[in-house]
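The analysis underlying the following values was restricted to heavy atoms, covering all of them including side chains, and did not include hydrogens, waters or symmetry mates. Letters go in sequence order (proteins before strands), and every chain restarts at 1.
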Amino acid sequence: MKFKTLKGLQDILPPDISLWHHIEATARDIFKNYGYREIRLPIMESTDVFTRSIGETSDIVEKEMYTFEDKGKRSVTLRPEGTASFVRAYVEHHIHNNPAPQKFYYMGPMFRYERPQAFRYRQFYQIGAEAMGVEDAKLDAEIISMLSRLLSTIGLTGLNFEVTSIGCKDCRPDYKKALKDYLGDKLKSFCGDCQRRYDANPLRILDCKVPGCIESRKGSPAVLDHLCEECSSHFDKLKHYLELLKVPHTINPNLVRGLDYYTKTAFEVSSENLGSQSAVAAGGRYDSMVKEFGGPPTPGIGFAMGIERIIPLIKNTIDVSDGPELLICPLGDEATEKGFQLTEQLRSNGLWAEINHEVTSLKSQMRKANRIGAKNVIVLGDDEIKAAQVVIRNMSDKSEVTSTLSIDELVKVIRRV
RNA sequence: GUGAGUGUAGUUCAGCUGGUUAGAGCACCUGAUUGUGGUUCAGGGUGUCGGGGGUUCGAAUCCCCUCACUCACCCCA
């Protein structure tokens with residue numbers, strides 16, 4: 001084989017593509033109910049858009065971005081996530097002048113230069129939603145509820161919704177300090193990764209799965225006890241509204257997000273059926289990002305879901321079989337010509353019709369009909385043309401109905417109306 | 001970036017300690033059945049054994065290198 005897809009990239013072919021369409025159509029449908037409108041964003045941005053928002057020291061920026069210089073010597077980056085691009089567009093087009101909340105959704109590929117793994121790709125697709133301009137926790141509850149509805153409408157079950165608050169610019173530094181103070185003198189009892197995390201991102205120590213670390217961190221201060229007045233009451237309201245809307249969820253104070261811009265609410269949806277990369281969707285509030293991008297102080301909240309991680313979860317539960325509504329099997333030259341015309345006419349009347357282009361034995365034509373999943377078959381030979389009448393055979397129950405060669409009648413009979 | 005595993009037909013895989021012409025299931029094609037499919041029966045192999053080098057009388061098998069893929073860590077949708 002001479003060429004193949006690059007590492008971590010994949011072709012999406014039928015029948016899988018039907019699952020993608022199902023997910024995308026369901027998302028558009030649900031988003032419409034909630035007043036979200038589509039926004040299409042470029043696939044690359046000035047590198048600063050990401051470094052300034054995601055965080056210079058985050059893993060994404062430090063080692064996972066597809067960054068290169070264009071011919072004008074500008075540093076550009078293939079987007080590793082959608083929110084930064086969205087906020088850039090929000091500010092650039094003064095969208096804040098519209099009545100709040102302004103709600104948008106997007107879908108498309110993201111790029112991260114990572115080692116591929118099960119359900120992790122270098123080009124992966126996200127469907128994301130962002131709601132801007134409302135600080136109230138009702139919006140947080142609403143968007144989490146929407147996500148929950150979306151995922152269950154798509155057909156997912158057994159998902160775990162985890163919610164927490166990670167504080168804001170004011171209280172998070174205090175908490176970080178309290179945590180580091182507590183962990184500082186017992187640092188030697190932690191794994192190598194955690195010792196590194198202590199300086200890089202101490203919050204992540206709370207998420208470590210090494211048994212020794214779980215033991216050693218027992219009794220460490222909890223984020224939720226260190227929230228400032230405002231963050232704390234925001235989180236209380238969120239819990240209240242989630243109860244009110246009956247959105248199933250658990251509180252996980254150790255939930256950590258890898259992006260620097262999150263404030264207050266953070267949430268993640270995971271599945272136990274995905275192996276190690278279990279996150280299906282994740283999101284949170286970002287109340288200071290618009291201002292940092294040069295816009296007026298504007299709160300925002302959003303989430304993104306990974307399509308590749310949803311596909312395997314619905315693969316065996318959704319029927320993706322398809323096939324033409326009619327296959328014409330011609331026998332002889334005259335039938336080939338007549339059938340060719342007929343096929344086009346049926347198509348222009350809205351039917352998915354096909355004709356075998358090679359006149360082989362009827363047996364092999366029928367085999368092919370079966371193989372391609374044709375719902376009905378017409379055998380078109382000299383007799384049928386002479387009589388201007390055909391037999392329409394239903395492939396699933398073998399029932400047969402006769403019809404004249406009139407297009408209207410054919411369509412009617414095939415559709416069984 | 002780190003660690004482990006796997007590369008043989010379209011696909012899933014067998015091929016043990018080296019031994020004639022590289023195999024099986026599924027899929028595919030043809031026929032039995034001349035104008036009616038799925039079941040059955042008969043026939044058909046579609047292959048650079050990932051690539052290169054080495055050891056040997058002889059390598060899919062052993063050794064080295066390399067490439068690719070997979071899973072996991074880090075991290076994340």
For residues 379-389 of chain A, run the donor-acceptor check on the side chains, cut-off 3.5 Å, and write out each pair with its distance to 0.1 Å, sequence neighbours left out.
| residue | atom | partner | partner atom | Å |
| --- | --- | --- | --- | --- |
| Glu384(A) | OE1 | Gly381(A) | N | 2.9 |

What distance, rounded to whole Å, do you find between the two C1' atoms, one in G3(B) and one in C74(B)? 12 Å

Inspect the surroundings of OH in Tyr113(A) and state if more than 12 heavy atoms from other residues, nucleotides or ligands are less than 6.0 Å away. no

With sugar-phosphate meaning primed atoms plus P, OP1 and OP2, does Arg393(A) contact a base, only sugar-phosphate, or nothing at under 4.0 Å between heavy atoms? base

Select base, sugar-phosphate, or nothing to describe what Glu62(A) touches, counting heavy atoms under 4.0 Å on all strands. nothing

Under the salt bridge (Lys or Arg N to Asp or Glu O under 4.0 Å) definition, can you give me all pairs with a residue in residues 103-114 of chain A, not counting sequence neighbours? Lys103(A)-Glu142(A), Glu114(A)-Arg120(A)

To the nearest Å, how far apart are Lys7(A) NZ and U70(B) P? 8 Å

What is the per-nucleotide protein-contact pattern of nucleotides 71-77 of chain B, from the 5' end, where B denotes a base atom under 4.0 Å from a protein heavy atom, S denotes such proximity for sugar-phosphate atoms only, and - denotes neither? SBBBBBB

Could you work out the separation of G50(B) and U11(B) based on their P atoms and round it to a whole Å? 13 Å

Pairs of donor and acceptor atoms involving the side chains of residues 125-137 of chain A, under 3.5 Å and at least two apart or interchain, shall be tabulated with distances.
| residue | atom | partner | partner atom | Å |
| --- | --- | --- | --- | --- |
| Tyr125(A) | OH | Gln123(A) | NE2 | 2.9 |
| Glu130(A) | OE1 | Tyr286(A) | OH | 2.5 |
| Glu130(A) | OE2 | Thr83(A) | OG1 | 2.9 |
| Glu130(A) | OE2 | Tyr106(A) | OH | 3.3 |
| Asp136(A) | OD1 | Lys138(A) | N | 2.7 |

G19(B) and G25(B): how far apart are their C1' atoms, nearest whole angstrom? 27 Å

5'-to-3' dot-bracket of RNA chain B (Watson-Crick, G-U; under 3.5 angstrom; crossing pairs as [ ]; | other strand): (((((((..((((.....[...)))).(((((.......))))).....(((((..]....))))))))))))....

Return the value, rounded to whole Å, for the distance between atom CG of Asp397(A) and atom P of G38(B). 17 Å

Can you check the distance between U34(B) and C49(B), where both ends of the measurement are the C1' atom (answer in whole Å)? 44 Å

According to the side-chain hydrogen bond (donor to acceptor under 3.5 Å, both in side chains) rule, which pairs have a member within residues 366-380 of chain A, sequence neighbours left out? Asn356(A)-Lys368(A)

With rounding to whole Å, what would you report as the distance between U70(B) and C64(B) at their P atoms? 25 Å

